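Contents: one structure, followed by commentary.
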Amino acid sequence: MNSKETKDFIKRARKLAKPFRVTDDSFRLKNIDPKDTLHLTSEDKPHAKEALAMGVSLLTELQDMLYAQDRWAVLLMFQAMDAAGKDSAIKHVMSGVNPQGCQVYSFKTPSDEELDHDFLWRCMIRLPERGRIGIFNRSYYEETLVVRVHREFLERQKLPRELVTKDIWEERFQDIRNFERYLTRNGVIIRKFFLHVSKKEQKKRFLERIEEPEKNWKFSANDIKEREHWDDYMEAYEEMIRNTATKHAPWYVVPADNKWFTRVVVGAAVIEALSSLDLHYPKVSKDKLKELAAAKKTLLVGK
Ligand code: ATP
Ligand code: MG
């Protein structure tokens with residue numbers, strides 16, 4: 001792509017991602033349809049794939065500059081119900097990215113060591129370094145989701161009893177907002193994704209996991225049990241997004257019943273984030289230029 005094409009592409013990416021971006025507390029989950037594909041139909045699928053491929057190559061370029069510049073870090077967080085497509089969205093969108101500049105971490109049920117610390121600790125030690133893209137597959141947001149839906153997880157956290165009050169969720173939202181403000185002030189760009197799949201589509205995907213041998217490994221009986229808490233989860237997601245969506249750390253609530261659409265929106269949002277940084281390769285100093293010229297001369301006259 002030449003520079004005009006790149007500019008147009010970034011503009012289109014921004015437009016595509018915008019309807020799904022949440023930056024304040026006005027958000028309502030019921031306004032997002034998991035089946036939504038904007039004006040695109042399944043006939044546009046090949047175009048969407050093409051756009052994703054172009055996006056991936058642009059992302060490769062932007063990441064190269066991010067790495068060379070070594071100033072900003074990018075933190076992308078993914079949250080979703082099971083089978084919403086977190087893994088495949090991460091895989092597709094980041095497929096062109098140099099593994100050296102990218103760190104992916106999946107957060108599972110906390111270990112004993114992790115439970116001996118404050119709730120942000122295990123995520124803090126895995127934050128991306130400058131010049132890197134860090135991906136959190138689940139994150140400290142689980143602390144306001146699964147931990148809220150299943151109170152026994154909170155009990156396991158060894159918090160002093162007098163600190164566990166009815167305000168605990170509001171306090172966690174506040175701590176998360178402050179933490180993200182702090183990170184932003186230190187050059188960490190934050191984008192958060194909730195892949196919003198419908199209960200019906202989740203059922204279909206679970207059945208595929210049971211019926212198709214190569215998907216059997218993905219099936220977990222516990223995932224079926226979690227479905228019983230669907231409404232509680234949706235309530236927790238809505239509260240979480242309303243309380244933690246900000247201009248500097250927006251949520252993207254991405255329709256997830258159609259995987260091809262999910263990937264395009266996530267890709268567009270990541271491009272939007274990186275292109276907002278005005279990345280460029282470090283300018284080489286006069287001394288360095290002299291050094292390069294001298295090195296060239298040496299190489300050319302030598303054998
Ligand atoms: P997969 O697509 O492979 O199923 P996954 O992200 O669902 O990926 P699992 O190992 O199945 O990975 O699940 C991780 C589990 O850890 C989830 O059920 C999640 O709710 C749970 N978990 C994550 N963070 C916390 C936390 N802070 N407290 C309690 N449970 C947590
Ligand atoms: Mg799982």
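Ligands are counted one by one from 1 in listed order, and the atoms in each one are counted from 1 as well. Heavy-atom basis, side chains included; hydrogens, waters and symmetry copies ignored. Source: prediction; values computed, not measured.
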* Structure fact -> The atoms of ligand 1 lying under 4.0 Å from a heavy atom of Glu143, numbered in the order shown, are 27 (N)
* Go through the side-chain N and O atoms of Asp175 and Tyr140 and say whether any donor and acceptor fall under 3.5 Å apart. => no
* Can you tell which of Arg138, Gln79, Arg122 gets a heavy atom nearest to atom 25 (C) of ligand 1? -> Arg122
* Asked: Among protein heavy atoms, which lies nearest atom 26 (C) of ligand 1, and at what distance?
  -> Pro110 CD, 3.5 Å
* Heavy-atom contacts with Lys86 under 4.0 Å: which atoms of ligand 1 show up? List them by number with element. => 6 (O)
* Which is it for Lys108 and ligand 1 at heavy atoms under 4.0 Å: side chain, backbone, both or neither? -> both
* Asked: Picking from Leu300, Thr298, Leu292, what satisfies side chain to side chain contact (heavy atoms under 4.5 Å, CB included) with Lys296?
  -> Leu300
* Do me a favour and list the nearest non-hydrogen protein atom to atom 16 (O) of ligand 1 with residue, atom name and distance? => Thr109 N, 3.1 Å
* Quick one: do Arg21 and Glu272 make a salt bridge, cutoff under 4.0 Å? -> yes
* Is there a donor in the side chain of Gln79 and an acceptor in the side chain of Arg138, or the other way round, less than 3.5 Å apart? -> no
* Structure fact -> Looking at Asp82, the N, O or S atom sitting nearest the Mg ion (ligand 2) is OD1
* To do: Would you mind listing which atoms of ligand 1 come within a distance below 4.0 Å of any non-hydrogen atom of Asp82?
  => 4 (O), 7 (O)
* Asked: Quick one: do Glu170 and Arg177 make a salt bridge, cutoff under 4.0 Å?
  -> yes
* Structure fact -> One finds that the ligand 1 atoms under 4.0 Å from a non-hydrogen atom of Asp87 are 2 (O)
* Asked: Hey, which of Val265, Ile90, Val254 is the one that makes side chain to side chain contact (heavy atoms under 4.5 Å, CB included) with Phe193?
  -> Val254
* **Part of Phe107 within contact of ligand 1 (heavy atoms, under 4.0 Å)** => backbone
* **Worked check of side chain to side chain contact (heavy atoms under 4.5 Å, CB included) between Val146 and Tyr141** => CA-CA 9 Å; Val146 67; Tyr141 280 106; over 6 Å; no
* To do: Decide whether an N or O pair under 3.5 Å exists between Glu142 and ligand 1.
  => yes
* **cation_pi(Arg209, Phe219) dist<6.0 Å, angle<=45** => no
* To do: Using protein heavy atoms only, decide if any is under 4.0 Å from atom 12 (O) of ligand 1.
  => yes
* Asked: Considering only heavy atoms of Val147, which atoms of ligand 1 have at least one such atom less than 4.0 Å away?
  -> 28 (N)
* **Non-hydrogen protein atom less than 4.0 angstrom from atom 22 (N) of ligand 1** => yes
* To do: Heavy-atom distances under 4.0 Å are what count here, so tell me which part of Ser220 touches ligand 1: side chain, backbone, both or neither.
  => neither
* Asked: Looking at ligand 1, does any of its N/O atoms fall within less than 3.5 Å of an N/O of Ser139?
  -> no
* Decide whether Glu155 and His150 meet the rule of one side-chain donor and one side-chain acceptor closer than 3.5 Å. => no
* To do: Step through the shown structure and confirm whether more than 12 heavy atoms of other residues, nucleotides or ligands are within 6.0 Å of CG on Asn216.
  => yes
* Mark up the atoms of ligand 1 that fall under 4.0 Å of a heavy atom belonging to Phe153, in ascending order. => 29 (C)
* In the protein, which heavy atom is nearest to atom 30 (N) of ligand 1, and how far is it? -> Val146 CG1, 3.5 Å
* For the rings on Phe194 and Tyr252, is their centre-to-centre separation under 6.0 Å? -> no
